[in-house]
Amino acid sequence: MNTNLVYTLEDLLNWPREGYVNLAVIGDPIEHSLSPLMQNAALQQMGEKFANWRYYKFHIKPSELKEAIALFHKKKFRGLNITAPHKVEVLKYLASIQEIAKVMGSVNTLIYMKNGYQGLNTDGIGLEFSIKKELGFSLKGADIILLGAGGASTAVATQCLLADCNKIWVGNRSKERLFDLLSNLSIMGKGKAIGFNFGTIPKDFPKTGIIINTTDVNDKLLLDMNYFSPQMKVFDIIYSPKETALLKKAKELSMECTNGLFMLAAQGAESLYAWTDIKVSPETLWKTLTDFTKNDL
Ligand code: ATR
């Protein structure tokens with residue numbers, strides 16, 4: 001199948017694909033999404049039982065979200081992935097929400113239930129798996145420097161707290177969003193989450209641990225990287241471009257670092273497990289992505 005085709009709400013209204021089990025990712029924009037590529041490749045490898053499963057991408061605008069979720073359910077889509085900007089807004093239209101996703105305040109995966117969709121968040125698991133696999137680094141007991149206080153940051157911070165990290169230092173351009181995030185984390189974090197300004201290195205700022213970028217910034221440095229020890233690990237959730245300014249600088253300073261491509265595969269494997277009850281290794285999905293992106297990102 002052509003995994004590049006982008007469908008719309010209108011296509012969904014007339015969705016004709018009987019005999020198939022349907023899955024989809026929805027977002028705005030969505031053209032760039034690699035999820036159909038990796039998920040359809042994985043489904044193909046899962047044998048006869050999944051031969052009629054298909055994964056599509058849909059361009060759904062914010063104003064269409066409510067109608068779209070109701071329609072996907074009516075058309076019995078077995079599962080959905082939710083990407084920007086719908087991960088928070090979609091919570092309003094779900095029948096139930098997994099506890100961790102409630103704490104994270106966002107979902108990226110929906111599972112069909114008779115009375116509506118159940119929402120989960122597999123981003124945090126994907127992140128932790130990727131950090132372990134690619135950097136050999138455990139979040140347990142670690143100092144975390146988190147760049148950004150948006151939707152992705154909340155999921156990452158929650159996962160770090162679940163993994164029992166030592167402290168999370170959160171830096172963000174807008175103070176308002178930073179304070180919102182810190183106040184959301186205050187119950188679970190019990191003094192573990194601390195805010196800082198990008199312009200100033202705080203006293204007691206760790207020199208080792210891990211820096212995780214969750215901002216959209218890929219072309220400039222938000223921190224003076226020379227402050228840190230070469231033992232500092234660096235993770236950027238961005239995967240396109242492959243090498244952000246942060247990763248380039250980390251390499252120059254001999255820090256171990258990685259982009260978000262393996263996280264994309266790992267969160268996808270977890271979503272696939274939620275829909276099919278079959279564990280496909282993240283490496284399988286990652287292989288499809290790396291083969292495809294060798295020249296393209
Ligand atoms: P996501 O769901 O991907 O996290 P988001 O919720 O829109 O997206 O969050 C984007 C993050 O990138 C925010 O932390 C944002 O900072 P602000 O809260 O100050 O907007 C950050 N960001 C985006 N552009 C930025 C820039 N030019 N400089 C610094 N931070 C930026």
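These values consider heavy atoms only, across backbone and side chains, with no hydrogens, waters or symmetry-generated copies. Counting starts at 1 for both ligands and their atoms, following the listed order.
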How about Trp286 and Phe262: are their ring centroids closer than 6.0 Å? yes
Non-hydrogen atoms of Ala149 versus ligand 1: any pair closer than 4.0 Å? yes
Any chance CD of Glu283 has more than 12 other-residue heavy atoms, nucleotides or ligands included, within less than 6.0 Å? yes
Structural part of Arg177 in contact with ligand 1, heavy atom criterion under 4.0 angstrom: side chain
the protein heavy atom lying closest to atom 11 (C) of ligand 1 turns out to be Thr215 CA, 4.0 Å
Correct closest heavy-atom pair for Lys167 and Ile194 would be CD-CD1, 3.5 Å
Any idea how Phe228 and Phe205 line up, ring-wise: parallel (<30°), tilted (30 to 60°), or perpendicular (>60°)? tilted
Among Lys175, His86, Arg173, which one puts a heavy atom closest to atom 27 (N) of ligand 1? Arg173
What part of Asp216, side chain from CB on, backbone N/CA/C/O, both or neither, has a heavy atom under 4.0 Å from ligand 1? both
Determine whether the aromatic ring centres of Trp15 and Phe58 lie less than 6.0 Å apart. yes
Can you find an N/O atom of Gly151 closer than 3.5 Å to an N/O atom of ligand 1? yes
Glu176 atom CD: more than 12 heavy-atom contacts under 6.0 Å: no
For Ala152, counting its heavy atoms only, list the atoms of ligand 1 lying under 4.0 Å from any of them. 1 (P), 2 (O), 4 (O)
To the nearest 0.1 Å, how far is atom 9 (O) of ligand 1 from its closest protein heavy atom, and which atom is that? Gly150 CA, 3.5 Å
Sub-3.5 Å N/O-N/O distance, Gly148 and ligand 1: no
Ion pair Lys251/Glu243, N-O distance below 4.0 Å: yes
Under 3.5 Å, N or O to N or O, is Asn172 touching ligand 1 that way? yes
Does only the side chain of Val217 get under 4.0 Å from ligand 1, or the backbone, or both, or neither? Count heavy atoms. side chain
In sequence, state the C-alpha distance, the side-chain angles, and the governing distance for Met188 and Thr158, and then conclude on side chain to side chain contact (heavy atoms under 4.5 Å, CB included). CA-CA 8 Å; Met188 195 181 172; Thr158 306; 4.0 Å; yes
What protein heavy atom sits nearest atom 19 (O) of ligand 1, and how far off is it? Ser174 N, 2.8 Å
